[in-house]
Amino acid sequence: MPTAVVLAVMRQGAGLPLLLASLTGWFILAAVDRRYPLTELCAASIGLARLWYPPIGGVGQPALVLLVVASFAMALAMMAPLLTVQMTHLWIRSLARRRPRAIVLFSLAYAAVWTAAMTLLAVASAGLAVLGIGWVASLAVAALWHATPARQASLNRCHRLPRLGAFGWLADRDCLAYGFTSGLWCVGACWALMLVPMFVANGHFLAMLAVMIFLLVERQMPSRAVRWRMPFAIYSA
Amino acid sequence: MTVTRMNLWRLGNDWNPTMLWYARAVRDLQTRPITDATSWTYLAAMHGFDQELWQGYGYIDATTSLPPAEARRRDWDQCQHQSGYFLPWHRGYLAAFEAIVRASIVKQGGPATWALPYWDYDEASNPNARTLPLALTAPSLPDGTDNPLATPFRYGDAGDGTVDIDPSQIRLDALTEKAFLGSRSGGSPGFGGVPTGFSHSGGTNGMLESEPHNNVHVEVGGQQAAPPQNVGLMSMPVTAALDPVFWLHHANIDRLWEVWLKRDPQHANPTDAAWLNGPSGSGARKFVMPDVAGNPVFYTPRDMLNTQAQNLNYVYEDTSDPLGGAQPLAQRAVTLGLAAARLPAAVGGGVTQHAELVGANDATVQLGAAPVDTRVRLDRPTTARVIQSLRSLAAPGAAAREPDRVYLNLENIRSESGSGSYSVYVALPEGANPAEHPENLAGTLSLFGVRRATLADGPQAGNGLTTVFDITNIVDRLHMSQALDVEHLPVRFVPGAKTGPQQGVTVGRVSIYRQAQ
Ligand SMILES: [Cu+2]
């Protein structure tokens, strides 16, 4: 079933480019992983102090830089497929010659929010790991968050289609603001689940893929009333 | 046996047998409890339900026990709007209702050939067509009992209880749409609407859905002029089907689908599986109606194509073309100063290119009790392409192709109140009285369905509705009078008649799109 949903998403206008963006993200992650195992970076067996100094793995790169790159790549890999509605909105509501610009501005703002959020999450996961929290505990946290009205409200706001100015700096401002607010609501909807794979040492990539597919299937469902809910029950009314 | 749905007014302005039996059946259905799937209230709730509003109108009270949650989730709040499923879903809805009403009539000793009449408010030869006949308004039946077809919650556009539809709001230009399905690209949303999943509220109106359908809802329901300024049942999807006139209005909309198919051999129903199979995918709701015994029967648009098939079994008294075969292309040729002989052959149905934004206004528009003006700034290079396309037809040896069509988009219309309408004029001359310039009327913005689409946590995340008007004819005339190559096109919203003040009605953006043909 999820396969059918994923395929249907990819058939939408913006589906293919977004899939390619996602693949690029996965590719960067794989490259980072070769350099320095993601499981260690994300799963945060490194202590917080080591994020700054000394360089990890003796390769001469500060861990923080690597962490930011990995965070960006992770956001790209897992979030790009969720953006079909936003990309279509930007495309349809912009002057033809401004479409690439609109998409770039939106993406910059959106990626900035997510990169910052993922970096924070990775650092947080380091701290939590030190406290002895594993993937079971993180999944429990995610389940709790997914039951809250606040989480549903965030998810609903991922479907907003704001007014976009057509001309000049107003258009640029609207695209940036759209990317920024979309990023914020998206972080609100997804942060808890994005945290879980960071605690999965074996099958880290598989866990990330599973999270992405869940979020993608869920995003295709209409908004719902804001109230306490069974976590992860995406088909309930 | 195939039954014939008759024209309401041609049945007579009296208690003719068809309407008398309708009244008796409605009364019978109204006596059934809301837990009965064949009751008046259960059937209306399948269109839409709102506990608070229904209590306000007295259809239920705090003690009424509702059907089980599972049945409600499957059956209620089901009507398809702002969707290419609008017509097929409502066809199934009408057929189920008609069968249940007929069963009640037969049970009471009436004719087994009874069929739902249709209200053809556009019938040119009938001066009363835009009003309602006696059977829907008289306080009592011939035997002196209360008339269940009359309701106090039908206020009309003046808010005083009389229905008299403004003829400028029920134009039938939708019948000239080439394709059944359109797109959300800013161009034509099609005769029947845009492709969607299960679409209970929100999104983009199809052309027929917008006018006459939405406009008639608001013109009939209206809002009470006197306090407490109730909103009429027909004005909101969550109450519309509680008014017996709803079914006669929708029979006419369903009939116009047949008229559209018949009036041009190029017109055809969609053939793609996504439309034919209805909403699909895991978790998607299916279309379902009770049979006469109240058992659920699932259906898809594929089952709704042939009205004479076993499951539907009806025809309309009259499906002749109210536009007398008029073709939009011929009208354009006249406007653009062309000999009809030089017209390109009509482009086949369904062939529509992606649309492109030509311009937009610069801020959200706040509508109120007084007319509001905004202006659409036009992008010069894109406008130049429109002008070039309009010129191309007149150029010697030009390709046989229809020039661009042009559309006005009212994006993300939001409102907290449930009624009201605005006439939208494009390029009115400075200081002109809009009423004297029907040729500048782009269309009527009706707030039918807007209230629910505005709820931030509704299925459409509070995006409101988007309505698209075809303003090709207005643009053609502007072009011919050298008035298209301008910085801005003015757009004016004129509030309708005497309805009460509206709360928080906004149009997110007013924009203009071109669509190559
Ligand atoms: Cu309707």
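By convention in this document, chain letters (A, B, ...) are assigned in the order of the sequence lines, proteins followed by strands, and residues within each chain are numbered from 1. The shown structure was predicted, so the numbers you read here are calculated from the model rather than taken from an experiment. The analysis underlying the following values was restricted to heavy atoms, covering all of them including side chains, and did not include hydrogens, waters or symmetry mates.
To the nearest 0.5 Å, atoms CD1 (A:Ile92) and OG (B:Ser183) are separated by 7.0 Å. One finds the OG1 atom of A:Thr88 at 9.0 Å from the CZ atom of B:Arg184 (value rounded to the nearest 0.5 Å). Atoms CZ and CG, from B:Arg509 and A:Asp174 in turn, are 9.0 Å apart once rounded to the nearest 0.5 Å. One distance of note links CD of B:Glu356 with CZ of A:Arg97; it measures 9.0 Å at 0.5 Å rounding.
Contact count versus chain A (heavy atoms, under 4.5 Å) is highest, among B:Thr382, B:Asp362, B:Asn412, for B:Asp362.
If you measure heavy-atom distances from B:Ala363 to chain A, the contacts under 4.5 Å come from the backbone alone. With a 4.5 Å cut-off on non-hydrogen atoms, B:Arg377 touches chain A through its backbone and its side chain both. Using a 4.5 Å cut-off between heavy atoms, B:Thr506 makes no contact with chain A at all. With a threshold of 4.5 angstrom between heavy atoms, B:Asn409 approaches chain A through side-chain atoms but not through N, CA, C or O.
Between B:Leu357 and A:Leu95 the shortest heavy-atom distance is O-CD2, 3.3 Å. Across all their heavy atoms, A:Arg160 and B:Gly462 have their closest contact at NH2-O, 3.8 Å.
Within the structure, every pair that satisfies the ring pair (Phe, Tyr, Trp, His ring centres under 6.0 Å) test and touches residues 72-100 of chain A, not counting sequence neighbours, is listed here: A:His89-A:Tyr178.
Interface residues of residues 161-171 of chain A toward chain B, defined by a heavy-atom distance below 4.5 Å and sorted by number: A:Leu161, A:Arg163, A:Leu164, A:Gly165, A:Ala166, A:Phe167.
A donor-acceptor pair is defined here as one N or O able to donate and one able to accept, closer than 3.5 Å; no such pair exists between the side chain of A:Arg93 and the backbone of B:Glu411.
The number of heavy atoms from other shown groups lying within 6.0 Å of CZ (A:Phe214) is above 12.
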